[in-house]
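Notes for the one structure printed next.
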Amino acid sequence: MRILVTEKIPGKGIELLSARHSVTVGQRGEFDHEARLVDVIPSYDALLSLLSNPVTEKVLEAGKKLRIVSNYAVGFNNIDVEAAKKRGVLVSNTPDVLTEATADCAFVLLLNAARHTRAAEDNLRSGNFEGWDPFGFLGHELYGKKTGIVGMGRIGRAFARRALGFGMNILYHDVRRLKPETEKKFQATWVESMDKLVKECDFLSLHCPLTPETRHLINKKRLGMMKSSAILINTSRGPVVDEAALAAALLENRIAGAGLDVFEEEPVVHPDLLIAPNCVLLPHIASATHETRGKMSVLAASSILSHLDGKPADSIPNLVYQPD
Ligand code: DGY
């Protein structure tokens with residue numbers, strides 16, 4: 001069988017696939033364009049894609065032999081899942097293995113934005129440290145604060161565990177309320193209305209998938225409802241936040257800060273975010289640890305191998321949906 005891996009990935013995934021099948025590995029960025037995928041996909045039985053690869057209806061239509069798309073990411077908004085379903089193409093992702101790394105990164109962003117570490121370090125490195133200053137870089141403590149979590153799935157819960165360790169109070173919003181015993185475990189209070197959550201919390205961390213419903217969930221109106229001392233953290237998907245509205249809120253000091261690992265038009269970052277005060281920016285690295293990227297690699301390869309081996313779909317744990 002022929003497998004296209006759109007570009008080199010860390011870990012043993014490519015080795016595992018190559019031991020059993022004929023594997024082509026693309027160049028960095030080569031398959032970030034629909035037209036290039038449409039051109040080559042007809043000769044492949046399986047595709048290992050990255051979140052930057054648009055696996056659209058056109059690509060799936062061209063992939064007459066295609067049997068499975070395995071995304072090297074937990075998010076799969078780059079894949080037209082409905083179009084895949086219609087054509088009997090399976091879709092898998094890499095859940096679980098990146099939960100802890102992503103929650104760590106959300107916390108890195110929160111701590112950095114709350115304590116102005118980037119500005120403080122820049123100040124020191126540029127030779128401006130003149131000794132202990134009673135007014136120097138005053139930030140916000142995490143202890144005792146209300147942290148709002150949007151999306152209480154695996155990563156939201158891992159963030160909640162960290163927040164509990166820091167003595168924070170947890171509020172959450174999710175389309176589905178957790179079971180009472182799970183709420184108790186995370187000492188988490190469900191807030192049914194998103195508007196109420198943004199008004200009440202000191203910090204807001206986004207852990208929901210990108211869907212038509214969550215696009216611009218954080219918009220001008222909701223940014224306007226946040227406390228002036230609030231900090232927004234996004235490690236989910238860029239378009240969940242209206243970046244232009246966020247940049248304006250930061251530039252006008254309407255909220256205290258933001259920490260972003262994801263952007264609306266990656267790799268482009270809204271120019272106003274680059275100059276906004278107290279905006280910590282990372283280049284989509286939340287899952288970037290040796291351990292996690294290695295596990296993602298093996299998991300992404302394993303669903304392809306299982307499916308090409310003819311194993312039943314319900315035995316593949318990381319499928320995005322079970323076929324009818
Ligand atoms: C994902 O998996 O969706 C992250 O954004 C990258 O690891």
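In this chain, residues are counted from 1 in sequence order. Side chains included, hydrogens not; waters and symmetry mates left out as well; all remaining heavy atoms used. Numbering of ligands and ligand atoms starts at 1, following listing order.
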For ligand 1, which atoms, with element, lie under 4.0 Å from some heavy atom of Met296?
-> 7 (O)
What residue and heavy atom of the protein are closest to atom 7 (O) of ligand 1, and at what distance?
-> Ser287 OG, 2.6 Å
Before signing off on this row, confirm whether Leu98 and ligand 1 have an N or O atom pair separated by under 3.5 Å.
-> no
Per-atom contacts, ligand 1 versus His284 - under 4.0 Å to a heavy atom = 4 (C), 5 (O), 6 (C)
Which value, rounded to the nearest 0.5 Å, describes the distance between Leu178 atom CG and Glu183 atom CD?
-> 5.5 Å
Not counting sequence neighbours, which residues clear side chain to side chain contact (heavy atoms under 4.5 Å, CB included) with Pro54? List them please.
-> Glu34, Leu37, Thr56
Would Arg125 and Glu121 pass as an ion pair if we require N to O under 4.0 Å?
-> yes
Taking the six-membered ring where the residue is Trp, are the ring centres of Phe186 and Tyr172 under 6.0 Å apart?
-> no
For atom 3 (O) of ligand 1, the closest protein heavy atom turns out to be Arg237 NH2, 2.7 Å
Could you list the atoms of ligand 1 found under 4.0 angstrom from a heavy atom of Ala73?
-> 1 (C), 2 (O), 3 (O)
N/O of Leu51 under 3.5 Å from N/O of ligand 1, yes or no?
-> no
Of all protein heavy atoms, the one nearest atom 2 (O) of ligand 1 is Val74 N, 2.7 Å
Residue of the set Asn318, Thr94, Asn78 for which side-chain hydrogen bond (donor to acceptor under 3.5 Å, both in side chains) holds with Asn71 = Asn78
Quick one: do Glu61 and Lys86 make a salt bridge, cutoff under 4.0 Å?
-> no
